[in-house]
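Heads up: the structure comes next, in structure tokens.
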Amino acid sequence: MSEENKSLNFIEQIIEQDIKSGKHEGRVHTRFPPEPNGYLHIGHAKAITINFEITKKYGGTTNLRFDDTNPVAEDTKYVEAIKQDIKWLGYDWEDREYYASDYFQTLYDYAEKLIHKGLAYVDDSTAEQIAQMKGDTRTPGKNSPYRDRPVLENLQLFRDMKDGKYEDGAKVLRAKIDMSSPNMHMRDPVIYRIKRAHHHRTGDQWCIYPMYDFAHGQSDSIEGITHSLCSLEFRHHRPLYDWFIQQLNIFPSRQIEFARMNVAYMITSKRRLLKLVQDGIVNGWDDPRMPTLSGLRNKGFPPAAIRTFCDKAGVAKRDNLIEYELLESCVRDELNKTSLRAMVVLDPLKLIIKNYPQDQTEQLPVIDNPEDPHASSHMLSFSRELFIERSDFMVDPPKKFFRLAPGRNVRLKAAYIIHCDDFKKDPETGEVTEVLCTYYPETKSGSDDSGIKAKGVLHWVEAHSAIPIVVNNYQQLFTDPTPLGHDDKDYLDFLNPDSLTVNEGALAEPFVAQTKQLDTLQFMRQGYYCRSADQNGKPCFNHTVSLKSRWKPKTQ
RNA sequence: AGACCCAUGGUGUAAUUGGCAACACUCCGGUUUUUGGUGCCGUCAUUCUAGGUUCGAGUCCUAGUGGGUCUACCA
């Protein structure tokens, strides 16, 4: 579908209307506003792509702004990690790196302005009392006894708060709006609190900090953000967002809410993810099983695939649960185009070619990526002794099985057609230990005009040149697509005990050792794998995604 | 219980804003293939319900039903 024909999502429709009407001179300016108190995950990727892609489309710019108004939770290490992840995803905020904390003085001045206008007051009530007086969704709140303090007294008290004359929590500044509003956020929200905590950027300069509602919209306004895109749970904050902008008479940024993206089998709750890390259920925030961007990166998911995925998931306002298969499809699609192919036998079974000379070895070329018209190729060693995949041989195969079995032909990829004559079994266990074959010299790959047929094609490695590798196999961390969606069960009840299994017995052609960390290969006929840190001196690969397969062995 | 938001195949998003319900993923078939991959072709919907407006409704109106959000000195 061409770009012009592609239908617009509701945010693009709003923006096109704004451009048409000449609002803000047709300028489009968005921002991505993470709080530096955790690592970015797939949900953030959605927000990032929405914000950056929309300005790419309409010729605007996107700011990176750290929403760092709560010094207790925030840290510079998160700032660095977040920046790295956004760059990795493929987006560039250029020189527009901002911090809400850059605006602390301006925000403070805004607060005094509100006090002057009689629209804010210092409240001595405790947090519990404030909550109490707030009422609930069906009961109007009660005015605080401090609500009608004179302007000058409020001003003095607020300055004293700033100057550190009160204990943490002793007083707060509240906006004076409407304690009977059906919208709880309008019931005199707290806008400043006393908190003696070291801020990662402003240090100990301040002991009062603005709340989200008093910082976010104003920060948008200060930066001239035209369209402030956020998730649906901020819908109820919008009247407050607009109220501050109006009362302060500052640049009118507009907040637009969209539905958060939910992905099957993934959770994005910071607290619950932290528990997985702390309890050692995963090996850190960047474990390939984590939905963090660093986790997906280590799993081998290319940034382009994540961008495509977010695009294909779409933007709307209804609840959604995106199937994991869509993500996998985007990953396969990208990797199919970009990954070099290699032969790796995950579960080796020895195969002897009886009529191949004992001491002979030959080099056979194999193309690196058949999807790439300019693909290079590399050489494979071939000899009398090989390994094939154990699952590619059956003593007594079902009708649709067209791999190797006694009396059958099969092609060895990039090599010869072979015929299975016999096999050996372990007398104790009954396990097949060796397959005995003969090859047809005239069926050499690339110059085969023999007319000999073989239905199946097998990958293989040559016994003496093959190198041992370690393979980490990953499955979903949870056995349920919505581990948080059960009233009667905890998400930890759905942990998949097999989410990581380590295979130390795989054999690879030497070519795979040439990869660097984070390189992705297609192990032919099996799937995509991403080079990880070596284990026990052996190259190690993380499973990214399997190849699709129309062969479904009967599991009964 | 209230206020606000939402409702289109199994999933997600469309429908030139009132004019033949489309695209992608999944599933299932077929075809091509020296990867059972890729590519290509095909099957899969009473648009939540009931009324109403209209020549004509997924779209507008009313009521209902279902789901979500909101009552932190977090963001």
Side-chain angles (χ1 to χ4, degrees), chain A residues 1 5-9 13 33-35 37-38 67-70 72-74 100 123 125-127 130-131 134-139 141 168-174 181-185 187 189-195 208-209 211-213 215-216 230-239 257 259 261 264 270 309 311-330 332-333 336-337 341 343 366-367 370-371 400-403 411-415 417 443 445-446 448 454-459 481 522-527 546-552:
Chain A
M1 196 182 286
N5 298 342
K6 201 174 172 188
S7 55
L8 305 175
N9 66 48
Q13 289 178 16
E35 183 187 10
N37 73 341
D67 230 334
D68 55 351
T69 56
N70 183 6
V72 175
E74 295 149 8
D123 196 326
S125 309
T126 64
I130 288 176
K134 208 155 217 171
D136 60 42
T137 48
R138 70 201 121 153
T139 320
D168 285 15
K171 289 176 166 44
V172 291
L173 185 69
R174 292 227 260 168
S181 169
N183 182 342
M184 300 298 290
H185 296 279
R187 320 246 267 225
V190 172
I191 58 178
Y192 260 96
R193 75 282 214 191
I194 304 170
K195 193 172 273 202
I208 59 170
Y209 293 93
M211 299 289 290
Y212 165 84
D213 284 307
H216 196 90
C230 63
S231 52
L232 236 34
E233 64 261 37
F234 290 97
R235 173 63 186 87
H236 301 288
H237 294 249
R238 195 167 77 210
E257 312 88 10
M261 176 178 74
K270 224 171 265 182
F309 171 66
D311 177 53
K312 288 190 172 182
V315 183
K317 297 180 79 164
R318 57 182 116 141
D319 296 334
N320 60 78
L321 181 66
I322 315 290
E323 291 175 329
Y324 190 78
E325 287 78 2
L326 179 63
L327 215 202
E328 288 192 316
S329 162
C330 295
R332 280 196 201 98
D333 193 49
N336 179 47
K337 291 183 288 191
R341 318 281 133 129
M343 295 222 251
V366 58
I367 195 146
E371 296 299 308
K400 293 291 252 319
F401 185 85
F402 48 86
R403 303 177 185 181
R411 173 170 291 280
L412 296 175
K413 174 75 185 175
I417 293 177
T443 60
S445 192
D448 179 359
K455 181 87 171 132
V457 179
L458 266 45
H459 62 279
Q522 185 196 98
F523 292 176
M524 256 192 283
R525 298 212 302 136
Q526 312 201 94
S546 297
L547 251 30
K548 290 214 300 187
S549 172
R550 284 149 106 167
W551 163 246
K552 305 242 171 18

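Chain identifiers are assigned alphabetically (A, B, ...) following the order of the sequence lines, protein sequences preceding nucleic acid strands; residue numbering begins at 1 within each chain.
- As the counterpart of B:G19, B:C55 is assigned, both hydrogen-bonding distances of the Watson-Crick or G-U wobble pattern falling under 3.5 Å.
- For A:N70 and B:A72, the CG to P distance is 16 Å, given to the nearest whole Å.
- Contact annotation: the side chain of A:N37 approaches that of A:K270 to within less than 4.5 Å [non-hydrogen atoms, C-beta and beyond].
- A:K195 comes within contact range of the sugar-phosphate backbone alone, with a heavy-atom separation under 4.0 Å but no base atom that close.
- Centre separation under 5.5 Å together with a plane angle under 30° holds for the ring of A:W551 and the six-membered base ring of B:G36, marking them as stacked.
- Heavy atoms of A:V315 sit under 4.0 angstrom from primed sugar atoms or phosphate atoms, though from no base atom.
- The closest side-chain heavy-atom distance from A:D448 to A:I417 is below 4.5 Å.
- Taking for each of A:L547 and A:R138 the nucleotide of RNA chain B with the nearest heavy atom, the 5'-most of the two is the partner of A:R138.
- Among the protein residues, A:L321 comes within range of the sugar-phosphate backbone only, with heavy atoms under 4.0 Å from sugar or phosphate atoms but none that close to a base.
- Contact annotation for A:T137: base contact, defined as any heavy-atom pair under 4.0 Å involving a base atom.
- A:N70 has its side chain within reach of A:R193: a pair of non-hydrogen atoms, C-beta onward, lies under 4.5 Å apart.
- The nucleotide B:A3 finds its pairing partner in B:U69, both defining distances of the Watson-Crick or G-U wobble pair being shorter than 3.5 Å.
- A:R341 is listed as a side-chain neighbour of A:E371, based on a closest heavy-atom distance under 4.5 Å.
- Residue A:K548 places at least one side-chain N or O closer than 4.0 Å to OP1 or OP2 of B:U26.
- Contact annotation for A:P33: no contact, since no heavy-atom pair falls under 4.0 Å across all strands.
- In a base pair of the Watson-Crick type (N1 to N3 plus N6-O4 or O6-N4) or a G-U wobble (N1-O2 and O6-N3), with each distance short of 3.5 Å, B:A24 is matched with B:U11.
- The shortest distance between side-chain heavy atoms of A:P33 and A:H216 falls below 4.5 Å.
- In this structure, the nucleotide among B:U34, B:G10, B:C74 sitting nearest to the side chain of A:R411 is B:U34.
- Between A:H237 and A:Y212, the angle of the ring planes goes over 60°, which puts this pair in the perpendicular group of the 30/60° scheme.
- With hydrogens and angles left out, the side chain of A:E233 and the base of B:G68 share no donor-acceptor pair within 3.5 Å.
- Using modelled atom types, one side-chain atom of A:R187 and one backbone atom of A:D136 make a donor-acceptor pair closer than 3.5 Å.
- Distances shown here put a side-chain N or O of A:R525 below 4.0 Å from the OP1 or OP2 atom of B:G36.
- As judged by a 4.0 angstrom heavy-atom cut-off over every strand, A:L232 is placed among residues making no nucleic acid contact.
- Nucleic acid contact for A:D136: base, since at least one base atom lies under 4.0 Å from a heavy atom of the residue.
- Minimum atom distance to the side chain of A:S329 is reached by B:C25, of the listed B:G67, B:C25, B:C73.
- Between A:R341 and B:U34 there is no side-chain polar atom (N or O) within less than 4.0 angstrom of OP1 or OP2.
- The side chain of A:S7 places no N or O atom within less than 4.0 Å of a non-bridging phosphate oxygen (OP1 or OP2) of B:A22.
- As judged by a 4.0 angstrom heavy-atom cut-off over every strand, A:Y209 is placed among residues making no nucleic acid contact.
- Closest approach to the A:I130 side chain among B:A3, B:C5, B:C73 is made by B:C73 (side chain taken as heavy atoms from C-beta onward).
- A:E325 has its CD atom 8 Å from the P atom of B:U26, to the nearest Å.
- Nearest to the side chain of A:N320, among B:G12, B:U26, B:G36, sits B:G12.
- Using a 4.0 Å heavy-atom distance criterion, A:Q526 is classed as making no nucleic acid contact.
- The phosphate of B:U16 has neither OP1 nor OP2 within less than 4.0 Å of any side-chain N or O from A:Q13.
- The side chain of A:E323 approaches B:U11 more closely than any other nucleotide in the set B:C4, B:U34, B:U11.
- Atom CE in A:M261 sits about 18 Å away from atom P in B:C25, given to the nearest Å.
- For A:V457, the side-chain atoms get nearest to B:U35 when compared with the rest of B:U38, B:A75, B:U35.
- Base pairing annotation: B:U62 forms a Watson-Crick or G-U wobble pair with B:A50, both donor-acceptor distances under 3.5 Å.
- The shortest distance between the side-chain N/O atoms of A:R550 and the OP1/OP2 oxygens of B:C28 is not below 4.0 Å.
- When each of A:Y212 and A:M524 is assigned the nucleotide of RNA chain B bearing its nearest heavy atom, the one mapping closer to the 5' terminus is A:M524.
- As judged by a 4.0 angstrom heavy-atom cut-off over every strand, A:E328 is placed among residues making no nucleic acid contact.
- Under a 3.5 Å cut-off, the side chain of A:N183 and the backbone N or O of A:H236 do form a donor-acceptor pair.
- Using a 4.0 Å heavy-atom distance criterion, A:F401 is classed as a base contact.
- Residue A:A127 is in base contact, counting any heavy-atom pair closer than 4.0 Å across all strands shown.
- Checked against B:C6, B:C5, B:C27, the side chain of A:R318 finds its nearest nucleotide in B:C6.
- Contacts of A:F234 with the nucleic acid, taken as non-hydrogen atoms under 4.0 Å apart, include base atoms.
- With rounding to whole Å, A:D333 atom CG is found 10 Å from B:U38 atom P.
- For the pair A:L458/A:R525, a side-chain contact is recorded, criterion being any heavy-atom separation below 4.5 Å from C-beta on.
- Applying the 90° criterion around 0 to the glycosidic angle, B:U54 comes out anti.
- Residue contacts shown for A:G446 include a base, since a base heavy atom lies under 4.0 Å away.
- Proximity note for A:E371 (side chain, C-beta onward) versus B:U71, B:C73, B:U38: the nearest is B:U38.
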